[in-house]
K.L.:
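I am attaching a structure below and will ask some questions about it afterwards.
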Amino acid sequence: MGDYITLLFLVIAVVIFFRLRSVLGRRTGHERSPLDYQSQSDRDTDNDTYGKDNVVALPKSHGKYKQKSGAEADKQDLDELIRNHAQPGTELEAGLKALIARDSLFDPSEFLVGAKTAYEMIVVAYSEGNKNSLKPLLSPDVYDGFVEEIDNRNERDEVMDSSFVGINKAVLMEAELKNNDALVTVKFVSEMIIAVRNTEGKILSGDPKKIIDVTDIWTFSRDVTSKDPNWKLIGTGTEN
């Protein structure tokens, strides 16, 4: 199995990342995301329909907490692996332990590195209106939500004039293993410049000269029994 820990399509990032870097795909941070959090039943449906349209084999991880021998050493390595992401006794810690128990290649730190790359790729492609780049990264329902927003924007003859400044923070919020599906929720705090113009160049919303803080809460999922190493975005939301 490829090293899915760095998450999602880094080979694709090489192709589209620099071409799209000057644009952004997001809202002001005070609105709902293109598709709000889905119910658990919706997530289950999505997991059954995930496509295999983007298979990028990445170098295999060695599984950090399996490098030492002995049950006590394994426990110490496991605790060290999640210590920076979850407090002892929390649901997040329990969820990460359950996930790693099923998939020893999962590393929370490396997952976050890939999640940040995926986040920027998705918001940039959304701003660009690049449906082809979005499709392999999203579950079907989330993809439909993004496409609807893009189509509505085009019908209004609006152009998103935006720039991605950077991600200030990405932290794990939740981790859950539901049957064979790993669900990991990440909170992203980023800086962006967002403005929406009409075809005449008039600014309809936002400020092309102002950097704003944006907080997004996204959930990624992967079938841990699948040979497909890729994770997909299955739900988006913002803080209340």
Side-chain angles (χ1 to χ4, degrees), residues 7-9 12-13 15-39 42-43 46 112 114-171 173-174 185-220 231-240:
L7 187 71
L8 292 172
F9 327 125
I12 288 180
V15 178
I16 72 171
F17 179 74
F18 293 104
R19 178 171 64 82
L20 298 177
R21 186 173 178 81
S22 63
V23 291
L24 144 82
R26 211 60 183 89
R27 297 172 170 252
T28 62
H30 300 290
E31 303 167 280
R32 302 302 293 175
S33 301
L35 185 69
D36 208 347
Y37 273 125
Q38 299 167 276
S39 66
D42 291 336
R43 291 179 182 178
D46 287 344
L112 284 176
K116 290 189 285 186
T117 298
Y119 176 81
E120 183 168 354
M121 289 170 62
I122 290 169
V123 296
V124 162
Y126 169 73
S127 176
E128 178 88 344
N130 191 329
K131 300 176 185 179
N132 290 334
S133 294
L134 286 171
K135 191 170 186 178
L137 301 167
L138 313 177
S139 72
D141 282 354
V142 175
Y143 174 76
D144 289 344
F146 275 72
V147 167
E148 181 179 1
E149 294 264 337
I150 291 171
D151 290 343
N152 289 341
R153 190 171 69 206
N154 292 337
E155 289 176 4
R156 296 191 299 266
D157 292 324
E158 295 176 353
V159 177
M160 183 171 285
D161 179 13
S162 310
S163 297
F164 190 97
V165 178
I167 298 174
N168 291 333
K169 182 170 63 173
V171 296
M173 299 290 290
E174 298 176 6
T185 299
V186 182
K187 177 180 177 180
F188 299 95
V189 180
S190 61
E191 290 184 330
M192 305 179 184
I193 300 173
I194 304 174
V196 177
R197 304 175 185 268
N198 61 20
T199 54
E200 298 175 352
K202 180 181 178 181
I203 298 175
L204 303 177
S205 63
D207 186 339
K209 297 181 181 180
K210 181 180 180 181
I211 297 176
I212 62 172
D213 294 327
V214 178
T215 299
D216 286 304
I217 300 175
W218 286 11
T219 300
F220 299 90
W231 294 71
K232 291 197 176 187
L233 178 65
I234 67 166
T236 68
T238 57
E239 285 189 324
N240 295 329

K.L.:
To check you understand the geometry: which heavy-atom pair defines the closest contact between Thr215 and Thr238, and what is its length?
P.N.:
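Heavy atoms only, the tightest pair is O-CG2, 3.7 Å.
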K.L.:
Considering non-hydrogen atoms only, spot the tightest contact between Ser162 and Ala195 and give its length.
P.N.:
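Closest pair (atom of Ser162, atom of Ala195, distance): OG-N, 3.9 Å.
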K.L.:
Any salt bridge (Lys or Arg N to Asp or Glu O under 4.0 Å) involving residues 156-167? Give me the pairs, sequence neighbours left out, ordered by first then second residue.
P.N.:
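Sorted result for residues 156-167: Arg156-Glu158, Asp161-Arg197.
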K.L.:
What orientation do Trp218 and Tyr119 show, parallel under 30°, tilted 30 to 60°, or perpendicular over 60°?
P.N.:
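Ring orientation, 0 to 90° scale: tilted.
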K.L.:
Using side-chain contact (heavy atoms from CB on, under 4.5 Å), reason through Thr185 and Ile217 one step at a time and then give a plain yes or no.
P.N.:
CA-CA 7 Å; Thr185 299; Ile217 300 175; 3.5 Å; yes
K.L.:
Nearest 0.5 Å, please: how far is NZ in Lys232 from OH in Tyr143?
P.N.:
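Tyr143 atom OH to Lys232 atom NZ measures 11.0 Å (nearest 0.5 Å).
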K.L.:
Evaluate Val159 against Asn198 for side-chain contact (heavy atoms from CB on, under 4.5 Å), listing each step before the verdict.
P.N.:
CA-CA 6 Å; Val159 177; Asn198 61 20; over 6 Å; no
K.L.:
Going through the checks in order, is the side-chain contact (heavy atoms from CB on, under 4.5 Å) test met by Ile194 and Ile212?
P.N.:
CA-CA 8 Å; Ile194 304 174; Ile212 62 172; 3.9 Å; yes
K.L.:
Could you give the distance from OH (Tyr126) to CE (Met160), rounded to the nearest 0.5 Å?
P.N.:
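It comes to 4.5 Å.
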K.L.:
Picking from Val147, Thr236, Ile122, Asp144, what satisfies side chain to side chain contact (heavy atoms under 4.5 Å, CB included) with Leu138?
P.N.:
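It is Ile122, the one option of Val147, Thr236, Ile122, Asp144 that forms the side chain to side chain contact (heavy atoms under 4.5 Å, CB included) with Leu138.
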K.L.:
Output, in order, the C-alpha distance, side-chain angles, deciding distance and verdict of salt bridge (charged side-chain N to carboxylate O under 4.0 Å, His left out) for Lys169 and Asp213.
P.N.:
CA-CA 11 Å; Lys169 182 170 63 173; Asp213 294 327; over 6 Å; no
K.L.:
Rounded at 0.5 Å granularity, tell me how far CD in Glu148 sits from CD in Glu155.
P.N.:
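Here the rounded value is 9.5 Å.
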K.L.:
When you compare the side chain of Glu191 with that of Val214, does any pair of heavy atoms fall below 4.5 Å?
P.N.:
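No - every pair of side-chain heavy atoms lies 4.5 Å or more apart.
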K.L.:
Would Val196 and Ile203 count as a side-chain contact (heavy atoms from CB on, under 4.5 Å) if you check the C-alpha gap in whole Å, the side-chain angles of each, and the deciding distance to 0.1 Å?
P.N.:
CA-CA 6 Å; Val196 177; Ile203 298 175; over 6 Å; no
K.L.:
Would you compute the distance between atom CG of Leu233 and atom CG of Leu137 and round it to the nearest 0.5 angstrom?
P.N.:
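Going from the CG atom of Leu233 to the CG atom of Leu137 covers 8.5 Å.
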